[in-house]
There are 2 protein chains.
Amino acid sequence: MAKKTNNQDLMDKIVSLCKRRGFIFPGSEIYGGLANSWDYGPLGVELKNNVKNLWWKKFVQERDDMAGIDAALIMNPKVWEASGHTGSGFADPLIECKKCHERYRADKTPEFLCSKCGGREFTEPKMFNILMKTFLGAVEGEKSAAYLRGETAQGIFVNFKNILDTTRKTIPFGIAQIGKAFRNEITPGNFIFRTREFEQMEVEYFIRAEEWEKWFEHWRKQMIDWIKELGINTKKIHEIEIGDEERAHYSKRTIDFEYEFPFGRKELYGLAYRTDFDLKNHFKEPPYKDSDTGEEFWPHVIEPSLGVDRSVLAILLESYHEEKDSAKDGVSRTVLKLPLRLAPYKAAVFPLLANKPELVKKAREVYEILKKPITQSSNYPITVTWDDRGNIGKRYYSQDEIGTPFCITVDFESLENNDVTVRDRDTMKQKRVKIKELPGHLEKFLKNS
Amino acid sequence: MAKKTNNQDLMDKIVSLCKRRGFIFPGSEIYGGLANSWDYGPLGVELKNNVKNLWWKKFVQERDDMAGIDAALIMNPKVWEASGHTGSGFADPLIECKKCHERYRADKTPEFLCSKCGGREFTEPKMFNILMKTFLGAVEGEKSAAYLRGETAQGIFVNFKNILDTTRKTIPFGIAQIGKAFRNEITPGNFIFRTREFEQMEVEYFIRAEEWEKWFEHWRKQMIDWIKELGINTKKIHEIEIGDEERAHYSKRTIDFEYEFPFGRKELYGLAYRTDFDLKNHFKEPPYKDSDTGEEFWPHVIEPSLGVDRSVLAILLESYHEEKDSAKDGVSRTVLKLPLRLAPYKAAVFPLLANKPELVKKAREVYEILKKPITQSSNYPITVTWDDRGNIGKRYYSQDEIGTPFCITVDFESLENNDVTVRDRDTMKQKRVKIKELPGHLEKFLKNS
């Protein structure tokens with residue numbers, strides 16, 4: 001009955017659904033767009049925030065060995081010199097058309113024919129740095145040049161001693177951060193998979209060198225757990241050992257967690273053992289002292305690095321289903337089977353008929369009950385939406401498409417019995433529930449999600 | 001008994017506490033800093049996130065007339081041309097030293113003596129645009145120039161039709177966004193009050209022109225409510241009508257909500273009636289059609305604009321108290337009387353003595369109970385910290401200083417009676433509470449906060 005779409009059209013369908021339903025819009029669309037920039041719409045921002053909040057809760061708030069930070073996007077340029085990002089390690093190889101000087105990625109140029117002027121002759125590949133430059137102060141020029149951060153990680157490393165001094169953490173411990181990073185790449189693409197402006201969730205986990213294998217394994221398992229929590233089928237995840245030649249210069253071991261995207265198996269997340277490379281770059285003296293032994297050293301680092309936008313894309317792909325309802329011959333539906341905790345709306349409330357004031361009134365009451373926090377201690381209410389257009393079938397279709405787990409209908413029976421129909425997104429089964437038991441009923445499901 | 005510090009030292013004390021306890025660090029500090037950039041540390045990021053989450057809940061999730069978005073920081077440069085930001089309306093007047101060409105803000109230069117070369121002659125003031133420039137693609141130059149957004153608002157305006165199409169909202173309704181903005185100002189300063197990189201929480205509320213006064217008043221009241229929710233004394237808030245000459249060119253009425261900062265009465269938030277200026281800039285045709293009358297027009301806009309960093313600063317200033325405990329003659333404390341829902345940690349758990357394993361074990365049990373969500377439906381657990389250093393008095397002092405509402409001590413009685421001492425931050429009163437009743441006990445307070 002359920003048929004999972006898994007062909008080349010899938011990306012087009014996701015992009016289309018995202019725009020049509022308000023998950024993700026092309027950036028600056030009314031001005032013809034801006035190469036590979038995207039804006040999160042009303043549903044997309046809720047989905048993305050749910051992902052970020054879940055990550056922060058799991059990896060910062062629920063752990064004792066973690067501290068969070070939020071560093072500035074623009075740091076002193078010396079940070080990027082010390083980290084090696086202004087050098088050739090953070091650069092793309094580009095070739096230039098000898099006729100019109102248009103530049104292309106050396107490894108991507110199709111048939112070596114300039115798409116601008118048709119030229120066929122190109123320069124040898126040269127490395128171009130992908131840090132994005134800006135200028136501070138009133139005068140443009142190298143003196144006032146600064147960079148938008150190329151990774152969130154450096155904001156963590158330069159604050160290492162500040163965190164030590166204020167939290168009294170002892171290794172092993174980690175510092176976590178969520179925030180934007182920027183890379184001036186020539187050929188970004190594939191929807192939100194690769195964009196010049198993107199959001200990262202990164203942990204730098206500080207350890208003793210001799211324990212690196214143990215903690216690498218710990219974080220490998222944590223990442224698999226996380227992938228499962230997002231509802232991603234781990235059969236589509238491939239752990240790829242990155243060979244000596246391809247690893248970043250600072251890394252002694254790297255695993256890419258590749259996901260079977262419709263456009264190929266590509267990196268979803270990365271896990272790297274960065275050794276003491278970064279702390280040694282930033283601190284001339286050992287920044288850590290063992291309080292028992294007095295030993296001073298540079299801790300080593302395990303880095304689980306997760307892209308927020310790639311997470312959202314994988315979640316959308318994984319949750320997207322086209323189903324044919326055999327009971328209603330030929331009537332099919334599109335449904336986002338999102339994990340309940342990630343769904344933008346947890347419930348939708350309908351009056352059976354929009355032109356019956358008594359039904360609308362009762363349905364509004366139910367809606368207002370659910371809009372309030374289920375318990376006052378919840379930091380969030382459950383997010384609820386209202387729909388009174390068209391018939392019930394169309395409303396179900398509409399809510400399925402955006403992944404709303406529960407549709408709640410107020411009908412004429414509701415007026416007599418103070419109950420409602422609760423329809424489950426995934427099973428499409430319906431159940432009568434007393435209004436006063438409704439918050440507890442939903443809570444039971446949300447708790448187990 | 002309570003003595004509120006309110007002198008010129010207050011800023012120094014706040015900046016010092018923020019660095020010492022891990023709220024806010026100077027940005028890029030190990031490289032000599034970067035003019036007026038700041039990094040949020042472990043406690044600061046929790047406080048800031050609590051502010052942002054509260055705002056999002058109140059102004060987006062709990063309202064039916066609001067949609068959230070999260071637009072890219074870098075938009076097509078045409079957006080900023082259309083909005084007028086590349087022109088003289090978004091510029092600072094600067095003068096240049098005739099000898100060494102250093103530039104200064106025309107209205108701020110002290111005694112007209114160049115601080116770089118000592119020169120006394122300056123050019124006439126010229127306007128310099130404060131949009132921050134960057135470059136997309138492999139070649140620097142005007143062709144590839146783009147800007148970091150100077151305000152979040154434009155990301156909302158350019159998506160106006162996308163939101164209409166996907167949410168079917170009808171006016172009056174608003175679009176809300178939280179995110180960073182950048183202004184290349186010459187003399188930012190006063191800690192996190194004015195920085196080149198800052199975070200905004202903005203609503204653009206779309207209305208009929210004839211109803212602007214009604215909705216202006218609605219949002220004026222909403223902003224006062226919000227200020228109260230942050231625990232800010234409204235006696236220190238002054239609503240300033242901005243005169244015709246000082247208002248931005250697009251505004252027909254603006255109120256600044258000024259707060260009595262230690263460095264003077266300065267703008268905390270702004271409320272502006274932006275008319276249809278922005279939508280008319282971006283849409284040549286009317287972007288809105290009344291479904292009943294068929295009338296087509298450009299809606300007008302009321303804009304409540306709130307700075308995240310200024311909110312955090314005002315909250316810190318307002319909650320900072322130095323108290324002399326008269327009962328213990330001369331023993332004083334510093335306490336952040338943060339609203340409970342904003343406090344980075346809601347509770348701290350202590351074993352009375354760190355060298356008694358049975359106390360430590362029992363205290364860990366209590367700690368683990370509180371680390372779990374009070375109810376499973378909470379999106380967040382309550383945030384709890386652990387302290388077993390020094391004596392109880394020092395631990396209280398330490399938690400007061402970071403605003404932890406409840407300190408929970410496990411003592412020898414706890415082992416027999418399964419209860420703990422709960423000490424209240426503000427009253428310093430202590431109470432015995434059964435461990436099994438502890439989550440409910442804390443919940444009761446948090447619910448009313």
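Because only heavy atoms are used, hydrogens play no part in the values below, and waters and symmetry mates are left out as well, while side chains stay in. Naming: A, B, ... by sequence-line order, numbering from 1 per chain.
- Chain A forms more heavy-atom pairs under 4.5 Å with one residue of B/Asp165, B/Ile30, B/Ile24, B/Asn162 than with any other, namely B/Asn162.
- The greatest number of non-hydrogen atom pairs below 4.5 Å with chain B, out of A/Ile163, A/Val384, A/Leu73, A/Asn129, is found for A/Leu73.
- Contact of A/Phe23 with chain B is not made at all, since no heavy-atom distance falls under 4.5 Å.
- B/Asn76 places no side-chain N or O within 3.5 Å of a backbone atom of A/Ser28 that could act as its donor or acceptor partner.
- With B/Thr134 contributing its side chain and A/Lys133 its backbone, the two residues share a donor-acceptor pair below 3.5 Å.
- Heavy atoms of A/Asn159 lying under 4.5 Å from chain B belong exclusively to its side chain.
- Using a 30° and 60° split on the angle between ring planes, A/Phe173 and A/Phe160 fall in the parallel class, below 30°.
- A/Arg63 touches chain B through its backbone: at least one of N, CA, C or O sits under 4.5 Å from a heavy atom, while the side chain does not.
- Contact annotation for A/Glu96: neither backbone nor side-chain heavy atoms come within less than 4.5 Å of a heavy atom of chain B.
- With hydrogens and angles ignored, the 3.5 Å screen pairs a side-chain donor or acceptor of A/Asn50 with a backbone N or O of A/Leu342.
- Contact tally against chain B (heavy-atom pairs below 4.5 Å) for A/Glu197, A/Glu29, A/Met66: the top residue is A/Glu197.
- Proximity to chain A involves both the backbone and the side chain of B/Lys19, based on heavy atoms less than 4.5 angstrom apart.
- Contact tally against chain A (heavy-atom pairs below 4.5 Å) for B/Ala176, B/Gly44, B/Ala67, B/Gly41: the top residue is B/Gly41.
- A donor-acceptor contact shorter than 3.5 Å links the side chain of B/Gln177 to the backbone of B/Ala71.
- Contacts of B/Asp64 classified as side chain to side chain contact (heavy atoms under 4.5 Å, CB included), with partners at least two apart in sequence or in another chain: A/Arg364, A/Tyr367, A/Glu368, A/Lys371.
- The closest donor-acceptor contact from the side chain of A/Lys57 to the backbone of A/Glu62 lies at 3.5 Å or more, if one exists at all.
- When the candidates B/Pro77, B/Pro42, B/Gly155, B/Gly22 are compared by the number of heavy-atom contacts under 4.5 Å with chain A, B/Pro42 comes out ahead.
- Here salt bridge (charged side-chain N to carboxylate O under 4.0 Å, His left out) pairs that include residues 70-81 of chain B, with residues two or more places apart or in two chains, are A/Lys48-B/Asp70.
- Proximity to chain B is absent for every atom of A/Ile175, based on heavy atoms less than 4.5 angstrom apart.
- Ranking B/Gln154, B/Lys161, B/Met75 against chain A, the residue ahead of the rest is B/Met75, based on heavy-atom pairs under 4.5 Å.
- Contacts between B/Glu46 and chain A at a heavy-atom distance below 4.5 Å involve the side chain alone, from C-beta outward.
- Put simply, the side chain of A/Asp39 gets close to the backbone of B/Ala72: a donor and an acceptor are under 3.5 Å apart.
- Within the 4.5 angstrom heavy-atom criterion, atoms from both the backbone and the side chain of B/Ile74 approach chain A.
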